[in-house]
Asker: 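I have a structure here, written as structure tokens, and I will follow up with some questions on it.
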Amino acid sequence: MTDTLKHSLLFAVVAVLILLEGLTNWSFFSGSWNSSLVILNMGLISAIMALGVNLQWGFAGLFNVGIMGFTALGGLAVVLTSTPPSPGAWSAGGPGVVMALVMGALTVISAVATTRLLPKGGLRTALIVAILIVGFVIYRALFDPSIEAIEDINPALAGNIGGLGWPVLLSWPMGGLLAAGAAWLIGKTALGLRSDYLAIATLGIAEIIIAILKNEDWLSRGVKNVVGLPRPVPYEVDLQNDPAYVDWFASLGMDPVLGSTLYVKLGYAALFSLVLIALLWMAQMALKSPWGRMMRAIRDNEVAAQAMGKNVTKRHLQIFVLGSAICGIAGAMMTTLDGQLTPGTYNPLRFTFLIWVMVIVGGSGNNFGSVLGGFLIWFLWIKVEPMSLELITLLTSGMDETNMLREHLLENAAHMRLFTMGLILLLVLRFSPRGLIPEK
């Protein structure tokens, strides 16, 4: 059997699993087209995130465990791009916030310039400390009253500065740009670290980003969340209140509630598929280009690449920015799918560990492998818990309902998710260490 046929069969198996979710009503699958499309849409987003991580790890060997932070920045971009400005927020504190941010940037630039221009010694140290202290005091004097003024404006419904009111589809590339900008700033300082220290640094920075989103109410409403975000497809309730759509669903013999749900999810699936295909095509072109071959040469032997005159740090920064931008796009897509930004839901397990499992299981260094891993691992992540409940119920059917062992197993069925991810990872690393679709 050729490699192409084997890889095609793997994709076919995943497609069949998703189709069975919609086609069957077996209790084992708890099937419905609604849940099938939910899995498909999140699988598409997960595949895009895995593709971004694969660029960093598979192409260049960069161990980035800050995926969660770049995904969250993509979600923030939706708020800052597509929501309308909060009435009165900009006039109340907008100029002060801008001036404070400019002051903070000037403080950092001045400290860096002093470090470069003056020789080492007590004078340079004292001057840098003075610049940082004075800059921080001025920054807080400008920033604090401005954000308090913004957060005091209708805090129950707003309390944030709002966005630009642009079409929501523009928020997807803007999410990529925001994540890319953050990645450039992080990469300029962190990419010189050894791989294990880079992992620690990126994880810490991701947690800082999440902490900012949770606590800066003027920016993202913090844990109060931003709800009712614009979407590229209609909200289900709007379709249900439109007589034309209700009549159309009735002509198809469908309940308006079910019809609106499927209509919206199919619309998202079409948009997400277009984005995935475009990014996959670009990643494949990059992989086959001289630039892609250079990146893999750097990944395999940095010393030899440097000896050949390649600027390893610059190339690492390029691929770090590109991969993070793709994660930002995926984060923006997910936020528009949810229709809300909820900073409290971002956690390393879902937005870092699981994405790495997708890349490793699918096959790092192979773009199609990452896409396969995204769909397969997400399907299992969603379905393992209900499958485990069914299996435990079947195995303990002869026990009394109050049996302690039976109750304990049923209560902890959710932990089978983590057990299954670990088991799959171990099996793949043992029997196919280069992933299901290895790098060529």
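Every value quoted in this text rests on a predicted model; they were computed, and no experiment measured them. For this chain, numbers begin at 1 and follow the sequence in order. Below, each value reflects all heavy atoms present in this structure, side chains not excepted, and no hydrogens, waters or symmetry copies.
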Asker: Treating Thr71 as the side-chain partner and Ile67 as the backbone partner, does any N or O pair qualify as donor plus acceptor under 3.5 Å?
Answerer: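 It does hold such a pair.
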Asker: For Trp281, look at atom CH2 and say whether over 12 heavy atoms of other residues, nucleotides or ligands are found less than 6.0 Å away.
Answerer: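 Check fails, neighbour count at 12 or below.
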Asker: Donor-acceptor pair, Ser289 side chain versus Ala286 backbone, under 3.5 Å?
Answerer: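 Side chain of Ser289 to backbone of Ala286, a donor-acceptor pair under 3.5 Å: yes, one is there.
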Asker: What's the separation between atom OG1 in Thr202 and atom CD in Glu207, rounded to the nearest 0.5 Å?
Answerer: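 Reported value, rounded in 0.5 Å steps: 11.0 Å.
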Asker: Would you indicate whether the side-chain heavy atoms of Leu191 and Leu198 approach each other to under 4.5 Å?
Answerer: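 A side-chain contact exists here, since the closest heavy-atom pair is under 4.5 Å.
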Asker: To the nearest 0.5 Å, tell me how far Gln284 CD sits from Leu51 CG.
Answerer: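 One gets 8.5 Å once the value is rounded to the nearest 0.5 Å.
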Asker: Compare every heavy atom of Phe368 with every heavy atom of Asn366, then report the nearest pair and how far apart it is.
Answerer: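 So the two residues come closest at OD1-N, 3.0 Å.
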Asker: Please confirm whether the backbone N or O of Ile186 pairs with a side-chain atom of Thr189, one donor and one acceptor, at under 3.5 Å?
Answerer: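 Pair found, side chain donor or acceptor close to backbone of Ile186.
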Asker: Between Tyr268 and Leu337, what is the shortest heavy-atom contact and its length?
Answerer: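 Result for this residue pair: CD1-CD1, 3.5 Å.
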Asker: Just do the side chain to side chain contact (heavy atoms under 4.5 Å, CB included) check on Trp33 and Thr261 with the steps written out, would you?
Answerer: CA-CA 10 Å; Trp33 284 115; Thr261 302; over 6 Å; no
Asker: Could you give the distance from CD1 (Ile424) to CZ (Phe419), rounded to the nearest 0.5 Å?
Answerer: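 One gets 10.5 Å once the value is rounded to the nearest 0.5 Å.
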Asker: Just list the side-chain donor-acceptor pairs under 3.5 Å for residues 76-85, sequence neighbours left out, or say none.
Answerer:
{"residue": "Thr81", "atom": "OG1", "partner": "Ala77", "partner atom": "O", "Å": "2.7"}
{"residue": "Ser82", "atom": "OG", "partner": "Val78", "partner atom": "O", "Å": "2.6"}
{"residue": "Thr83", "atom": "OG1", "partner": "Val79", "partner atom": "O", "Å": "2.4"}
{"residue": "Thr83", "atom": "OG1", "partner": "Gly163", "partner atom": "N", "Å": "3.1"}

Asker: Could you check Val112 against Thr115 for side chain to side chain contact (heavy atoms under 4.5 Å, CB included), going step by step and ending with a plain yes or no?
Answerer: CA-CA 5 Å; Val112 172; Thr115 303; 5.5 Å; no
Asker: Salt bridge check: are Arg231 and Glu236 linked by an N-O gap of less than 4.0 Å?
Answerer: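 Yes, Arg231 and Glu236 are salt-bridged.
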Asker: Tell me the closest heavy-atom pair linking Phe375 and Val14, and the distance in Å.
Answerer: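 So the two residues come closest at CB-CG1, 3.6 Å.
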Asker: Around atom NZ of Lys224, are there more than 12 heavy atoms of other residues, nucleotides or ligands at under 6.0 Å?
Answerer: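 Yes - once you tally the heavy atoms of other residues, nucleotides and ligands closer than 6.0 Å, there are more than 12.
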Asker: Considering only heavy atoms from C-beta outward, does the side chain of Arg221 approach that of Asp217 to under 4.5 Å?
Answerer: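 Answer no - side chains too far apart.
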Asker: Would you find more than 12 non-hydrogen atoms of other residues, nucleotides or ligands less than 6.0 Å from Met285 atom CE?
Answerer: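 Enclosed: over 12 neighbouring heavy atoms sit under 6.0 Å from CE of Met285.
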Asker: Do the side chain of Asn347 and the main chain of Leu349 share a donor and acceptor less than 3.5 angstrom apart?
Answerer: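 Yes, because the side chain of Asn347 sits within donor-acceptor range (under 3.5 Å) of the backbone of Leu349.
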Asker: Check Arg299 with Glu439, please: is the shortest side-chain N to carboxylate O separation under 4.0 Å?
Answerer: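 Judged by the 4.0 Å cut-off on N to carboxylate O distance, Glu439 and Arg299 do form a salt bridge.
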Asker: Counting only heavy atoms from other residues, nucleotides and ligands, does the tally under 6.0 Å from CH2 of Trp166 exceed 12?
Answerer: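 No - once you tally the heavy atoms of other residues, nucleotides and ligands closer than 6.0 Å, there are 12 at most.
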Asker: When rounded to the nearest 0.5 angstrom, what is the spacing between CD in Glu151 and CD1 in Ile161?
Answerer: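 Rounded to the nearest 0.5 Å, the CD-CD1 separation comes to 11.0 Å.
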Asker: For Asn41 and Met333, what are the C-alpha separation, side-chain angles and deciding distance, and is it a side chain to side chain contact (heavy atoms under 4.5 Å, CB included)?
Answerer: CA-CA 10 Å; Asn41 285 328; Met333 292 164 60; over 6 Å; no
Asker: Can you find a pair of side-chain heavy atoms, one from His316 and one from Leu62, that are under 4.5 Å apart?
Answerer: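 They are in side-chain contact.
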Asker: Report the C-alpha distance between Arg350 and Ser46 in whole Å, list the side-chain angles of each, state the deciding distance to 0.1 Å, and finish with yes or no for side chain to side chain contact (heavy atoms under 4.5 Å, CB included).
Answerer: CA-CA 10 Å; Arg350 164 65 183 93; Ser46 299; 3.7 Å; yes
Asker: Is any side-chain heavy atom of Val53 closer than 4.5 Å to one of Asn64?
Answerer: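 Result no, sub-4.5 Å side-chain heavy-atom pair not found.
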Asker: Do side-chain atoms of Asn301 reach the backbone of Val303 as a donor and acceptor pair under 3.5 angstrom?
Answerer: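 Judged by distance alone, yes, a pair lies under 3.5 Å.
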Asker: Rounded to the nearest 0.5 Å, what separates atom OG in Ser388 from atom NE2 in His415?
Answerer: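 Taking OG in Ser388 and NE2 in His415, the distance rounds to 11.5 Å.
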Asker: Quiz question: by atom type and distance under 3.5 Å, do the side chains of Thr107 and Ser110 form a donor-acceptor pair?
Answerer: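 There is no such pair between these side chains.
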Asker: Specify the closest pair of heavy atoms between Ile298 and Val312, including all atoms of both residues, with the distance to one decimal.
Answerer: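 Nearest heavy atoms, Ile298 then Val312: CG2-CG1, 3.7 Å.
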Asker: Quick one: does Pro232's side chain get under 4.5 Å of Thr336's, heavy atoms only?
Answerer: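 Pro232 reaches Thr336 side chain to side chain.
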Asker: Could you go through Trp356 and Phe63, starting from their C-alpha distance and side-chain angles, then the distance that decides it, and tell me whether this counts as ring pair (Phe, Tyr, Trp, His ring centres under 6.0 Å)?
Answerer: CA-CA 10 Å; Trp356 271 101; Phe63 191 28; 5.0 Å; yes
Asker: Do other residues, nucleotides or ligands put more than 12 heavy atoms under 6.0 Å from Tyr235 OH?
Answerer: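 Correct, the count exceeds 12.
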Asker: Roughly how far, to the nearest 0.5 Å, is CG of Leu73 from OH of Tyr346?
Answerer: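 Rounded to the nearest 0.5 Å, the OH-CG separation comes out at 9.0 Å.
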Asker: Which residue pairs pass the side-chain hydrogen bond (donor to acceptor under 3.5 Å, both in side chains) test when at least one of the two sits in residues 140-150, sequence neighbours left out?
Answerer: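 Those involving residues 140-150 are Arg140-Asp144.
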Asker: Quick one, Met334 and Met42 - any side-chain contact, counting heavy atoms below 4.5 Å?
Answerer: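 Side-chain contact under 4.5 Å: yes.
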Asker: Where is the tightest heavy-atom contact between Asn160 and Ile150, given as atom of each residue plus distance?
Answerer: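 In terms of heavy atoms, the two residues are closest at C-CG2, 3.7 Å.
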Asker: For a quick test of reading the model, state the closest non-hydrogen atom pair linking Leu341 to Ser220 and the distance between them.
Answerer: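 In terms of heavy atoms, the two residues are closest at CD2-CB, 4.0 Å.
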Asker: My understanding is that only one of Lys383, Glu21, Lys265 makes a side chain to side chain donor-acceptor pair (under 3.5 Å) with Ser35; could you say which?
Answerer: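 It is Glu21, the one option of Lys383, Glu21, Lys265 that forms the side chain to side chain donor-acceptor pair (under 3.5 Å) with Ser35.
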Asker: Should the heavy atoms of other residues, nucleotides or ligands under 6.0 Å from CE of Met99 be counted, would the total exceed 12?
Answerer: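 It does not: Met99 CE has 12 such atoms or fewer within range.
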Asker: So, for Trp218 and Phe143, is the gap between ring centers shorter than 6.0 Å?
Answerer: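 Ring centres of Phe143 and Trp218 closer than 6.0 Å.
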